[in-house]
Enquirer: 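The structure's right below; bear with me while I get my questions together.
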Amino acid sequence: MPLNKKIGLFIPCYVDQFYPNVAIATLELLEKLGCQASYPMGQTCCGQPMANAGYERDTVGTTKHFVETFRDYDYIVAPSGSCVLHIKDHAPPIPGMEKEQEILHHKIFELTEFLTDILKVENLQGSFPHKVGFHASCHGHRGLRLGSSSERNEPFFSKAKQLLDQIEGLEWVELTRKDECCGFGGTFAVTEEALSVQMGKDRLQDHLSHGVEILTGGDMSCIMHLEGIAKRNQQPLKFMHIAEILNQALS
Amino acid sequence: MSHPAKASEFLQDAAKAKWHDETLWFVRDKRDTISKTIPEWEQLRDLASQIKDNVLANLDQYLIQFEEKAKANGIQVHWARDAEEHNQIVLGILQRHQCKAIVKSKSILTEECHLNPYLEKNGIEVVDTDLGERIVQFLNQPPSHIVLPAIHLKKKDISELFHEKLHTEKGNEDPAYLTHAARLHLREKFLGAKVAITGVNFGVAETGEFVVCTNEGNADMGVHLAVVHIACMGIEKIIPRRKDLGVFLRLLARSATGQPITNYNSHFRSPASGKEIHIVLVDNGRTDQLGREKFKNSLKCIRCGACMNTCPIYRRSGGYSYGSVVPGPIGSILSPGLDVKKYSTLPFASTLCGSCTDVCPVKINIHEQLYEWRQEITKSQGTNAKSISMKIANGIFAVPFAYKVTGSMMRGALKFLPDSITYSGLNTWGKQRDLPETPKETFKDWYKKNRS
Ligand code: SF4
């Protein structure tokens, strides 16, 4: 376990603004696991919303700032697959910084993959007696390969399940459509409002019909969208980021 | 009309939209099951993708080889630069044979070239012989799916249509009964046609032969009864060798419908005595696409339709919402190459979930190309309100202080605005979704107090 390494916490901008609890849980969890994590105060947004809207070329400044902010850390960890994927795949090359960017792409991790692949967490001591449904967010799932994709012929794996299975009393609920998109998709949620909401409703129904109590996932953006629909329709589901579940279980 | 507008129209009939989603999901599920019975499935995909890479890199040579061999086999080869030329060539052949009625078997390429209206305008009766295509033809609609052309229609719709067109019993929705009626009707057309048109699934450069895949045997029926066979083929349909067929035929049917193999894979090599085979090789924008480094992979497509069945957007918005001949994810990366303005909303009709890429039997990086098209489209649109706000956003995110100020302004606004404003029609997010509650402090504030 690389416990003496310097970990930079990368908190997506909307998590900082709207879900401080998720960021706190991420930090506390890493601390409980013996890591030295700190939050560089100067960080902003990764630039993903702009790039996905077709304006990658306008994220040069944002990207340069990101590299400068995080260049001195051994690892960068974020509770969001989608932002991590953006940094790896879609951050534009900054003239003169290409090498640094390349190195950075190898040391940035989504939280669950950092726990399973780098910390190699195998024996979490904690309990969380609830029926949990996991929403596999697409950018983490198919982009970062945090789990096996139902379209591909490959042995089953899920980094989230690998962690959640270690928690006593937690019941992992199998869904019918294991890894279907929830319809968030960044600006898609607004430009294709009707579709986005329909996809979210269908996703929620899958969880509800399997008796899920708490819907969790690795990306607050999808959860924000799903929770927003569930609340509006007064559906009896609770929502937590996986960092919150793990942190709560470990306390 | 833009994709979002047409999609929300489609979703208004909630029951039908749900049924559409579930029907296509059923097909995707069948594909999943059968693809997992092939241990080497992923290697097959790799292989297919590599074969197609080779084809795209040497397309000119393979086409020349194909032409030589086909001619040597007695096939007459024609080249068409665009849809117009393609249609003229077909019409020319028909006129030489004084043919007034033709049968056609499923060909998306002829749809792309708008051959039907062109021939009809020139006094020729065109009958699509694939059952699904015949149904949409009766309705004067284009196919809504490249493999399942009438998938947007329910049994009831078809029963009513057949009652009107074929005088079947009113209210009888029995598929066997309806199919039988269609078969009798089509048989008459088959017998009356001197010329049969088919598409081409694979053209084999090595041998100059070509393969047509159908589930109903309608290509064979048409071709064997007719004196002249016209095959219309997009130039990207070439494969190098006959033995490559083994790879593609195993992938095609499984990906398309979850069948082990298409019912009829008909090989055409040379005309029977007294008969003619013509093949029209069509470019229609394909070499332009080949020249676009980021998008040329889209030409590997074998038209299995799997990306449509898996796409959560396609399943809930239907083929017509795309307004292009090839709908769905693959259509969204092919169409902007033809007309970037007309199809500018299609690459945005996606969450970039990547399911299309993982399902594609020839491993086209569809979702990455959707992302790349977005970059091209915003560039081609020039400066507008959205691009200015993006520039401002970049300025904000590059400067932490500015970000902090706007962030707290945003939070403040959400907290103090009355619901009537946040949830008004202006706020698209809030129309059908609640907004997150605004916390007392940001993480940054918390961190300052608790950790530094
Ligand atoms: S892009 Fe791939 S999945 Fe889609 S129709 Fe073509 S071959 Fe099939």
Side-chain angles (χ1 to χ4, degrees), chain A residues 11 13 15-21 23-24 38-39 41-45 47 50 52-62 64-65 90 138-139 142-143 149-154 177 180-181 183-185 188-195 197-200 202 224-225 227-229 231-232, chain B residues 3-4 7-8 11 17 21 25 32 35-36 38-39 41-42 310 312-313 316-317 348-355 357-359 371 374-375 377-378 386-387 390-391 393-398 400 403 407 410-411 428-429 431-436 438-439 441-444 446-448 451-452:
Chain A
I11 300 299
C13 45
V15 173
D16 172 44
Q17 296 287 324
F18 293 113
Y19 300 102
N21 286 346
I24 296 168
S38 58
Y39 175 79
M41 292 300 251
Q43 65 181 279
T44 56
C45 165
M50 291 170 273
N52 282 358
Y55 295 91
E56 185 189 291
R57 61 192 172 281
D58 287 335
T59 65
V60 172
T62 311
K64 185 158 178 275
H65 177 71
H90 291 318
C138 304
H139 295 187
R142 295 194 193 82
S149 147
S150 60
E151 296 87 6
R152 303 209 300 179
N153 192 345
E154 61 188 346
R177 298 185 186 183
E180 170 136 288
C181 179
F184 172 68
F188 178 88
V190 174
T191 55
E192 291 261 17
E193 193 258 354
L195 261 172
V197 170
Q198 188 58 50
M199 288 165 71
D202 293 348
M224 170 173 75
H225 162 71
E227 184 171 18
I229 299 170
K231 267 196 179 164
R232 179 61 64 89
Chain B
H3 186 273
S8 58
L11 285 168
D21 167 51
W25 181 261
D32 290 356
S35 69
K36 288 182 175 68
I38 309 279
W41 182 256
E42 297 302 325
T310 204
I313 315 297
R316 292 179 184 80
S317 61
F348 295 88
S350 162
T351 56
L352 306 180
C353 75
S355 183
T357 301
D358 276 357
V359 91
Y371 175 88
R374 292 181 183 189
Q375 315 304 322
I377 285 164
T378 56
K386 202 168 160 197
S387 75
M390 285 299 160
K391 287 223 167 62
N394 189 34
I396 292 170
F397 291 130
Y403 161 76
M410 193 164 82
R411 283 158 28 85
T428 316
W429 177 274
K431 248 169 99 182
Q432 303 185 68
R433 283 166 288 214
D434 278 7
L435 289 157
T438 313
E441 55 183 3
T442 64
F443 174 66
K444 202 168 271 183
W446 178 91
Y447 191 84
K448 237 183 278 169
R451 286 293 187 280
S452 51

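Chain identifiers are assigned alphabetically (A, B, ...) following the order of the sequence lines, protein sequences preceding nucleic acid strands; residue numbering begins at 1 within each chain.
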Enquirer: Once rounded to the nearest 0.5 Å, what's the spacing between atom SG of Cys181(A) and atom CD1 of Ile313(B)?
Expert: 6.5 Å
Enquirer: What residue, out of Ala7(B), Pro312(B), Gly354(B), has the most heavy-atom pairs lying under 4.5 Å from chain A?
Expert: Pro312(B)
Enquirer: If you tally heavy-atom pairs under 4.5 Å against chain B, which of Met224(A), Arg152(A), Lys231(A) wins?
Expert: Arg152(A)
Enquirer: Hey, what do you get for OG (Ser317(B)) to CG (Leu195(A)), rounding to the nearest 0.5 Å?
Expert: 5.0 Å
Enquirer: Less than 4.5 Å to any heavy atom of chain A: does that hold for the side chain of Asp358(B), its backbone, both, or neither?
Expert: both
Enquirer: Using a 4.5 Å cut-off on heavy atoms from C-beta on, say whether the side chain of Arg433(B) contacts that of Arg232(A).
Expert: no
Enquirer: Counting only non-hydrogen atoms closer than 4.5 Å, does Ala349(B) touch chain A with its backbone (N, CA, C, O), its side chain (CB onward), both, or neither?
Expert: both
Enquirer: Salt bridge or not between Asp21(B) and Arg177(A)? Use side-chain N to carboxylate O under 4.0 Å.
Expert: yes
Enquirer: With sequence neighbours left out, what residues match Tyr371(B) under side chain to side chain donor-acceptor pair (under 3.5 Å)?
Expert: Glu56(A)
Enquirer: About how many Å separate OG1 of Thr310(B) and CD of Glu180(A), when rounded to the nearest 0.5 Å?
Expert: 7.5 Å
Enquirer: Apply side chain to side chain donor-acceptor pair (under 3.5 Å) to Gln432(B) and list each qualifying residue two or more places apart in sequence or on a separate chain.
Expert: Glu193(A)
Enquirer: So Tyr55(A) and Arg374(B), do their side chains get closer than 4.5 Å, heavy atoms only?
Expert: no
Enquirer: Select one option (side chain, backbone, both, neither) describing which atoms of Arg316(B) are under 4.5 Å from chain A's heavy atoms.
Expert: both
Enquirer: Would you call Tyr19(A) and Pro439(B) a side-chain contact if the rule is heavy atoms closer than 4.5 Å?
Expert: no
Enquirer: Assess the side chains of Asn153(A) and Ser35(B): does a donor N or O sit below 3.5 Å from an acceptor N or O?
Expert: no
Enquirer: If you count heavy-atom pairs within less than 4.5 Å of chain B, which of Lys64(A), Gln198(A), His225(A) leads?
Expert: His225(A)
Enquirer: A side-chain contact here means heavy atoms from C-beta on lying under 4.5 Å apart; do Trp446(B) and Pro20(A) qualify?
Expert: no
Enquirer: Do Leu352(B) and Cys138(A) come close enough that some side-chain heavy atom pair is under 4.5 Å?
Expert: no
Enquirer: Roughly how far apart are Cys13(A) SG and Lys444(B) NZ, rounded to 0.5 Å?
Expert: 10.0 Å
Enquirer: Can you confirm whether or not the ring centre of Tyr39(A) sits under 6.0 Å from the ring centre of Phe443(B)?
Expert: yes
Enquirer: To the nearest 0.5 Å, what is the distance between OG1 (Thr442(B)) and CD1 (Ile11(A))?
Expert: 11.0 Å
Enquirer: For the residue pair Glu192(A) and Pro4(B), what are the closest heavy atoms and their distance?
Expert: OE1-CA, 3.2 Å
Enquirer: Mind listing the closest non-hydrogen atom pair of Trp429(B) and Ala189(A) along with its distance?
Expert: CZ3-CB, 3.7 Å
Enquirer: Would you say Arg57(A) and Thr378(B) make side-chain contact, with heavy atoms under 4.5 Å?
Expert: yes
Enquirer: Do you know which of Met199(A), Arg142(A), Glu227(A) has the most heavy-atom pairs with chain B at a distance under 4.5 angstrom?
Expert: Arg142(A)
Enquirer: For the CG atom of Asn52(A) and the CZ atom of Phe348(B), what is their distance to the nearest 0.5 Å?
Expert: 10.0 Å
Enquirer: Under 4.5 Å from any heavy atom of chain A, what part of Thr357(B) do you find: side chain, backbone, both or neither?
Expert: neither
